[in-house]
Amino acid sequence: MVAAAVAWKAGKVEVAPPQKMEVRIKTLFTSLCHTDVYFWEAKGQNSVFPRILRHEAAGIVESVGEGVAELAPGDHGLPIFTGECKECRHCKSDESYV
């Protein structure tokens, strides 16, 4: 399950703390890309809703959940569209984000 910032009223936003193996990033820059539109139009292979668009972003790590060892508050962070295990053939490919 993915949680996002929720605006309950003007000037008040709630963001749940990160759970196990999750990272909370304060987004500083973002855009809506073709992949977002593709999945929003339900053309993607896994068009699951609700979906948080604008995955092409950059920000600062605010906090990390239990088990996160590679990032710490204050680090620069870039969210990616699909998670990476770092173990499979795709993740170990030279073409991977890792």
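Residues: numbered from 1 along the sequence shown. Values below: every heavy atom of this structure, side chains too, minus hydrogens, waters and symmetry copies.
Taking CD1 of I25 as the reference point, atom NE2 of H76 lies at 11.5 Å (rounded to 0.5 Å).
Summarising the hydrophobic clusters (Ile, Leu, Val, Met, Phe, Trp, Tyr; side-chain heavy atoms under 4.5 Å, direct or chained), the residues clustered with L28 are F29, I60.
Residues V61 and V23 come closest through the heavy atom pair CG1-CG1, 3.8 Å.
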Tabulate below the donor-acceptor pairs under 3.5 Å that side-chain atoms of residues 63-73 make, not counting sequence neighbours, or state none.
residue : atom : partner : partner atom : Å
S63     : OG   : R24     : NE           : 3.2
S63     : OG   : R24     : NH2          : 3.2
E70     : OE1  : K86     : NZ           : 2.3
E70     : OE2  : K86     : NZ           : 2.7

